[in-house]
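Input: a single structure, listed below in structure tokens.
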Amino acid sequence: MTTNNNITYKLSKSLHGHSKDVRSVCVLSDGRIVTGSRDHSIRVWDPLNNYSNIELHGHSHFVGTVVSLPPSLLLAERALASGGNDKVICVWEKSAFPRDSPNNNNNNNNNNNNNNNNNNNNNNNNNNNNSNKKSNEGGAPSLMLLGHNDSVSTLGVTNDGLIISGSWDKTIKVWENGECLTTLSGHEASIWSVIGLQNGNIVSASADKTIKIWEQNGKGHYSVIKTLKKHKDCVRGLAVIPDLGFASCSNDGTVFIWTSDGELVQELSGHSSFVYAVINIPNFGFASVGEDRTLRIWRDGENVQTLTHPSGVWDLAYSPNGDIVTGCADGVGYVWTKNEKRFATQEEVQQYQDNLAAQTIMSDNVGDIKMNELQDATEALVVDGTKDGELKVVKNGKVAEAHQWSASESKWIKIGEVVDANAASRNSSKGVLNGREYDYIFDVDVGDGVMYKIGYDLTENPYTVAQDFILKNDLGQEFLDQVAQFIIKNSGQDTMTFEATPNQGDPLTGSSRYIPGSSNNNNNNNNYSSPSDSFTVPSRYIPGGSNNNNNNNNNNNNSSNNRDLNVKPTSLIPQATYTLFEQANSESLLVKALEFNQQLSSNPDTKSVSLDEDEQEVSLLKGVLATLKETSRYHSSSFSDNQYKVIFKMLTWPADKVYTILDVIRVMVLHPGASKTFESMVIENRASSKYNLIVILFKLVQESTIMNNQMLTLKIFANMFRHEPLRTLLTQRLFSNPQILDSIKSTYQKLTPNSNKSYSTALSTFLLNVSVYSQYNQINTEIVSKYVECMSLVITTESDPDLIMRCVCGLGTILMTYKDYKPSSPICTAIKNSISKVNFGDKFTDSVNLLSKLL
């Protein structure tokens, strides 16, 4: 390999395969490239095999971070860790993505008998662009680290090989052999980057605009020795600089260079927007990427090269061979090299430049423009630029174009057409996003430090647009109102009234009426795979572990030998995280509760169970709802004894009114403090139902004839899976009282098929969560059979594809876990017949096919 510091970076390869943003990249010690994407997948690309790639599925939400790992005592072949918005960290061994010998994928080079075979493999750009070809499916993760309460946004490695993780839950965790050694708290906002320094210390960067240096005080013990506050906005990335310290980058557009003690030694300025990531280039300088679509190369404090991309650049990584890999919002990874033998073909370069030229650039990114003052392109572009990356806006007919000087190619490269930002604001009818024209195109920041674009037409309901937007971008349902209100305000429709729950409200009474659990109907929209919590106990899960060998008493006549046990998981099967009903319509709920309370208070027969104003019980209820609304403070908020008394008092309300407090409890069990208190009350009141929530709920399941109560009870059960020890307590009681499931099943069978989607959704979600629990906790085969029969009943009764998919995923998860168990032949036949008649869509095809194989 030849490299020359005087040769600038040029395009080597475009890695096509992901369907959404490439959010994270890293390079393994063997030179293979890893990309993590918002499409929930990871791809491992092999430069020595014509960039063939293996696709890995271990996350049920988008993959936000990947990191190369050295081997460990527990996993001798450990190579990679990934983290995502499912709050799970997956650790992968090389066996999950085995490497073929170089010749296996280069058959067109087999006739080359010279000594340059290896060079031909490296210089694969002379062949077809095989990075576009279909990938092979890889294996499962060897370890899953569970403990963070929000998205895992960053991963790093200590100097002795321990995994460091940072999360939107504001904490940093250090892991050894699958166990969490310590949790570091101190930042006031999301953690965006973590690294381990050579001296054993840890450095963290946060959305609170600070960098913290954590000194190691013995194994697993760290304390903050310095907090750095030089950046003026969120600190997005960190990089180790051997023998010096580290680099940082920020939304303020700067890159800072620090010593390991936290002394600022250099500031690099040049980016025009957020800087998302930075790396050290050994013996040369640094590289950084950001929202301004550029990869910038820095040397001796100067920006010596600027490489513009078709979209914003999320991440970058340095390869042992000297190449740089970037991951972009257009779903493509790009490889840049200084090695002439790995330069892309002229055809590939031209295709890339055509893609650049097709982009639209707002004038506020290049300065104010006046068409009559711009030079004509034929005159302006004949004059060479003065430095690499120099930007020039020229007139080409009636269009303003942005061109950038490429010193390596000694020419101007068009990077897009310039649109007057002010004019676009005044007359937004010409806004185009993803090929469609909109009245408005907005930049939306939902608070996670990431800018999203959303198109809106004045004829549309802002809530419908907001709902589609958050589903498309894998955002939580809690953003619905925030995004909708943003659209309403910025489109000048503040005085107008819109239906806040389009296509979700009561078609007879309107959406303003309080409907129990209605705020969660959004969970019906493909959200069965959207995780809302990571497991806290156990903190370690080894797929295929001891929980697979417990089913020797299989009482079915069908042998597992009749099905293919060498199947590979999909992005949905097995499910790794619990699905929850999180949203609460507190205002409408309170109005309905107060209405019912007034009715009870005015009736002498029920006055005793109404809330007593003299005892401030109404105020106590309002306090409960206010606390539940502040989800960001769950870690520090709590409920008083008197508030719990109000909750249990309302549980004695008449059957036609008790659903209001059931809906409160549905959200309340998601609160960690409340979950623990409810569990303690169950333990303390085993023989009494007065303060034993599980006994009360079980009684409702067996006796209530009101479907709202039945539906909300199932949603409470589903949400109880979020926290230990309430999760274990619930499942113990459920599994030891099989008549509860019999009652649930009986209630469902009495319904007219497809007549009550809310109840069916609650039931299928509850069953799905039981299946997720079964992966981590051994369940008797007889109990497994009962839950499988219930899932089968839902699959063969319902017609809604999204609802059926919850049970498809749940059943697939159980069959992947309990490989010696198989349902009876009639059940298998009925399920296969039912799913063959449903149009699930392409995104679910692999999971449906997997279930068929497992049956």
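Every value quoted in this text rests on a predicted model; they were computed, and no experiment measured them.
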Review point. So, the side chain of Ser206 versus the backbone of Ser190: is there a donor-acceptor pair under 3.5 Å, distance only?
Key: yes

Check your understanding: For Leu155, does its backbone N or O pair with a side-chain atom of Ser165 as donor and acceptor, under 3.5 Å?
Key -> no

Point to revise | Pairs flagged by side-chain hydrogen bond (donor to acceptor under 3.5 Å, both in side chains) wherever residues 252-265 is involved - sequence neighbours left out | key: His231-Asp252, His231-Thr254, Ser248-Trp258, Ser250-Asp252, Asp252-Thr254

Point to revise | Heavy-atom pair of closest approach, residues Trp405 and Ser410 | key: CH2-C, 3.2 Å

Review point. Ala189 and Asp208: which non-hydrogen atoms are nearest, and at how many Å?
Key: CB-N, 3.6 Å

Point to revise | From CD (Gln353) to CG (Leu11), nearest 0.5 Å | key: 9.0 Å

Check your understanding: Distance from Asp243 atom CG to Gln198 atom CD, nearest 0.5 Å?
Key -> 5.0 Å

Practice item. Please round to the nearest 0.5 Å and tell me the distance separating atom CD of Glu302 and atom CD1 of Ile297. Key: 14.0 Å

**Study point:** side-chain hydrogen bond (donor to acceptor under 3.5 Å, both in side chains) partners of Ser269, counting only residues at least two apart
**Key:** none

Point to revise | Neighbour count above 12 (heavy atom, 6.0 Å) for Gln266 CD | key: yes

Review point. For Ser41, which residues count as a side-chain hydrogen bond (donor to acceptor under 3.5 Å, both in side chains) partner, sequence neighbours excluded?
Key: His18, Asp39

Review point. If we only count heavy atoms from C-beta on, is the Glu347 to Tyr352 side-chain gap below 4.5 Å?
Key: no

Check your understanding: Does Trp336 have any side-chain hydrogen bond (donor to acceptor under 3.5 Å, both in side chains) partners at least two apart in sequence or in another chain, and if so, which?
Key -> His309, Thr326

Review point. Are any side-chain N or O atoms of Glu348 and backbone N or O atoms of Thr345, one a donor and one an acceptor, separated by less than 3.5 Å?
Key: yes

Check your understanding: Looking only at atom types and distance, does a side-chain atom of Ser319 sit under 3.5 Å from a main-chain N or O of Ile324, one as donor and one as acceptor?
Key -> no

Practice item. Could you verify whether a donor N or O on one side chain and an acceptor N or O on the other, from Ser52 and Asp46, lie under 3.5 Å apart? Key: no

Check your understanding: Within the side chain of Trp412, is there an N or O that forms a donor-acceptor pair under 3.5 Å with the backbone of Val383?
Key -> yes

Exercise for review: Might you point out which heavy atoms bring Ala287 and Leu295 nearest each other, and give the distance in Å?
Suggested key: CB-CD1, 4.0 Å

Review point. Are Glu401 and Lys395 ion-paired here, with the side-chain N under 4.0 Å from a carboxylate O?
Key: no

Review point. So do Ile164 and Ile202 actually touch side chain to side chain, heavy atoms under 4.5 Å?
Key: yes

Review point. Taking the side chain from Ser12 and the backbone from Arg342, do they hold a donor-acceptor pair closer than 3.5 Å?
Key: yes

Review point. When rounded to the nearest 0.5 angstrom, what is the spacing between CZ in Phe486 and CZ in Phe442?
Key: 6.0 Å

Practice item. List the steps, then state whether side chain to side chain contact (heavy atoms under 4.5 Å, CB included) holds for Ile454 with Val483. Key: CA-CA 10 Å; Ile454 182 171; Val483 174; 4.1 Å; yes

Check your understanding: Any side-chain heavy atom of Val27 within less than 4.5 Å of one from Val34?
Key -> no

Check your understanding: Residues in side-chain hydrogen bond (donor to acceptor under 3.5 Å, both in side chains) with Asp233, at least two apart?
Key -> none

Study note, to complete from the structure: Nearest heavy-atom contact between Ser273 and Asp292 is CB-N, 4.0 Å

Check your understanding: Any donor-acceptor pair under 3.5 Å linking the side chain of Ser37 with the backbone of Asp21?
Key -> yes

Point to revise | Listed partners of Ser288 passing side chain to side chain contact (heavy atoms under 4.5 Å, CB included), at least two apart | key: Val255, His271, Val275, Val278, Arg296, Trp298

Check your understanding: Excluding sequence neighbours, so at least two apart, what forms side chain to side chain contact (heavy atoms under 4.5 Å, CB included) with Val63?
Key -> Ser24, Ile42, His59, Val66, Ser82

Practice item. With side chain to side chain contact (heavy atoms under 4.5 Å, CB included) as the test, would you mind laying out the steps for Val67 and Val157 before giving the verdict? Key: CA-CA 8 Å; Val67 66; Val157 187; 3.9 Å; yes

Point to revise | All salt bridge (Lys or Arg N to Asp or Glu O under 4.0 Å) counterparts of Lys411, not counting sequence neighbours | key: Glu409

Point to revise | Partner residues of Asp330 under the salt bridge (Lys or Arg N to Asp or Glu O under 4.0 Å) criterion, sequence neighbours left out | key: none

Check your understanding: CD1/Ile211 to OG/Ser204 distance, rounded to the nearest 0.5 angstrom?
Key -> 8.5 Å

Exercise for review: Could you check Phe286 against Ile241 for side chain to side chain contact (heavy atoms under 4.5 Å, CB included), going step by step and ending with a plain yes or no?
Suggested key: CA-CA 9 Å; Phe286 310 100; Ile241 306 174; 3.4 Å; yes

Review point. Side chains of Tyr51 and Leu15: does their closest heavy-atom pair fall under 4.5 Å?
Key: yes

Check your understanding: Has the side chain of Arg43 got a donor or acceptor atom that lies under 3.5 Å from a matching backbone atom of Gly17?
Key -> yes

**Study point:** Test item: Leu356 and Ile413 side chains (from C-beta on) under 4.5 Å apart, heavy atoms
**Key:** yes

Check your understanding: Side chains of Val304 and Arg299: does their closest heavy-atom pair fall under 4.5 Å?
Key -> yes

Review point. Going from CG on Leu244 to CG on Asn280, what distance comes out if it is rounded to the nearest 0.5 angstrom?
Key: 9.0 Å

Practice item. Using side chain to side chain contact (heavy atoms under 4.5 Å, CB included) as the criterion, list what pairs up with Ala79, not counting sequence neighbours. Key: Lys94, Phe97

Practice item. Apply side chain to side chain contact (heavy atoms under 4.5 Å, CB included) to Val22 and Asp315, showing your working. Key: CA-CA 8 Å; Val22 176; Asp315 200 10; over 6 Å; no

Check your understanding: Is it the case that Gln305 and Tyr9 place a side-chain donor and acceptor less than 3.5 Å from each other?
Key -> no

Review point. For the residue pair Val382 and Thr378, what are the closest heavy atoms and their distance?
Key: CG1-O, 3.3 Å

Review point. Just by modelled atom types, is the Leu238 backbone N or O under 3.5 Å from a matching donor or acceptor in the Ser193 side chain?
Key: yes

Check your understanding: Side chains of Asn159 and Asn201: does their closest heavy-atom pair fall under 4.5 Å?
Key -> no

Review point. Which atom pair, heavy atoms only, marks the closest approach of Gly262 to Leu228?
Key: O-CD2, 3.5 Å

Exercise for review: Flag the pair Trp192 / Val235 as yes when at least one side-chain heavy-atom distance between them is below 4.5 Å, and no otherwise.
Suggested key: no

Practice item. Go through the structure and list residues passing salt bridge (Lys or Arg N to Asp or Glu O under 4.0 Å) with Lys392, not counting sequence neighbours. Key: none

Exercise for review: Please identify each residue that fulfils side chain to side chain contact (heavy atoms under 4.5 Å, CB included) with Gln346, with sequence neighbours left out.
Suggested key: Val349, Gln350

Point to revise | Over-ring placement of Lys338 relative to Phe343, 6.0 Å and 45° cut-offs | key: no

Review point. Do side-chain atoms of Arg99 reach the backbone of Asp30 as a donor and acceptor pair under 3.5 angstrom?
Key: yes

